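A short worksheet on the structure shown next.
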There are 2 protein chains.
Amino acid sequence: MPDHISSAYDAELQDLRRNVSEMGGVAEKMLTEATDALVRRDTPLAQAVIGADARLDVLQRETEEQAILTLVRRQPMAIDLRETVAAIRTSGDLERIGDLAKNIAKRVMAVSGQFQPQKIVVGVQHMSDLALGQLKDVLDAYAQKDDRAALDVWQRDGAIDALYTSLFRELLTYMMEDPRNITFCTHLLFAAKNIERIGDHTTNIAETVHYLVTGENLAGERPKNDRSSFETIEAET
Amino acid sequence: MPDHISSAYDAELQDLRRNVSEMGGVAEKMLTEATDALVRRDTPLAQAVIGADARLDVLQRETEEQAILTLVRRQPMAIDLRETVAAIRTSGDLERIGDLAKNIAKRVMAVSGQFQPQKIVVGVQHMSDLALGQLKDVLDAYAQKDDRAALDVWQRDGAIDALYTSLFRELLTYMMEDPRNITFCTHLLFAAKNIERIGDHTTNIAETVHYLVTGENLAGERPKNDRSSFETIEAET
């Protein structure tokens, strides 16, 4: 239940929710299409993803400005305050997810003329599917204020990290096998890293949902399985 | 001049400034030491950088919470409102800069046993020096509310991006010359990318200083020179 009675105030909170929901839809679409563009070497689709990012930037700035006005004008309390703060945080994470999807799309141009065995992109597609599923689930949890679903997303981030670490090793191996793979695999490494970071922002949103519903911040370490920073592969010499 | 007369309110704004200033100091130190650790292969120093990040996370959360309380309690106007919003934004950017420096430090462990020609790290050191200079300048501009200095930092981000693009090409070339370079160069690529992103967050802070001083958002495109997403290097086959 809202802690207030003004209907103009209700409308402000409703606007914040609608903005976050629109941003979520744009971010999901950008991630889906960026990955499709990479797998299918579809540069017009990649261009469309790059173009879509501007909308997300505008929405993020609007959401932040409107939320700050609400804080100052309405002095919200309890759930209303958390709802306003959650909109600021989540719009920031979704804007970053859009940037990361845009970065993946930019790499489609770089690799379009390159030697690229199709089997190598399978791992990136798989990571992206996992990240997209997590993003959808956390946006549903946000819309429905479902703490249990948010905690479930939060737990599952480790799976994306583990997949990234194994993909990192695999891509390094392809590079060592054949120097013609190096440029292509380097761009895929960055694309995979971008997806791994999309997973981190999704986890941030899960933490925000928990705060929104319970008023508590999630304690304890995140379940991290990204070991790639520590990975070494020895070349056959 | 502050737009208010309460001294408790003054103290709140002063606390926000002090928090941002402390965060800036920690972030500068982390970037300096992460790069030193990478160049000198100093794993204990890298561990210290990784440990320092927790302080930045705590300060960021505190700053955000305190700023939101100030918005709700004081309903700040004009420069006071902008000062409060600027603290939220800047603490977010500094927290991210700390994360990126921590990522560089983690790679020191990965490359410690690797074949690593010293000349290859020179470019990373150069990029880091440039980014550190920018970060120092923008933190001074923030503390002194110096819009001209902030705009100068904003203009100069292109230099870091251009350096990154050329380093990207150079590292790819080393990988193709000798497969023993691949693992080391891949970690350096990610370290260089982290520094490039530190430059982006520094540019964000410059934009925040401009908003803080003038009340306007910077219009127009950023001066971007990062072309690495579009780079291709052909292997000699």
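Please read all numbers here as calculations on a predicted model, not as lab measurements. Letters go in sequence order (proteins before strands), and every chain restarts at 1.
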Completion exercise
Under a 4.5 Å heavy-atom criterion, the part of residues 56-71 of chain B in contact with chain A comprises B:Arg61, B:Glu64, B:Glu65, B:Ile68, B:Leu71
Exercise for the section: Tell me, please, which residues at least two apart from A:Arg41 pass side chain to side chain contact (heavy atoms under 4.5 Å, CB included). Expected result: A:Gln116, A:Gln118
Handout entry: side chain to side chain contact (heavy atoms under 4.5 Å, CB included) against B:Leu189, all qualifying residues, sequence neighbours excluded
Key = A:Thr186, A:Phe190, B:Phe168, B:Leu171, B:Leu172, B:Met175
Problem - Spatial distance of atom CD (B:Glu177) from atom CD1 (A:Ile182) [nearest 0.5 Å] - result: 10.0 Å
Exercise for the section: Compare all side-chain heavy atoms of A:Thr183 with those of B:Met176 and state whether any distance is below 4.5 angstrom. Expected result: yes
Problem - Inter-chain contacts: residues 84-98 of chain B against chain A, heavy atoms under 4.5 Å - result: B:Val85, B:Arg89, B:Arg96
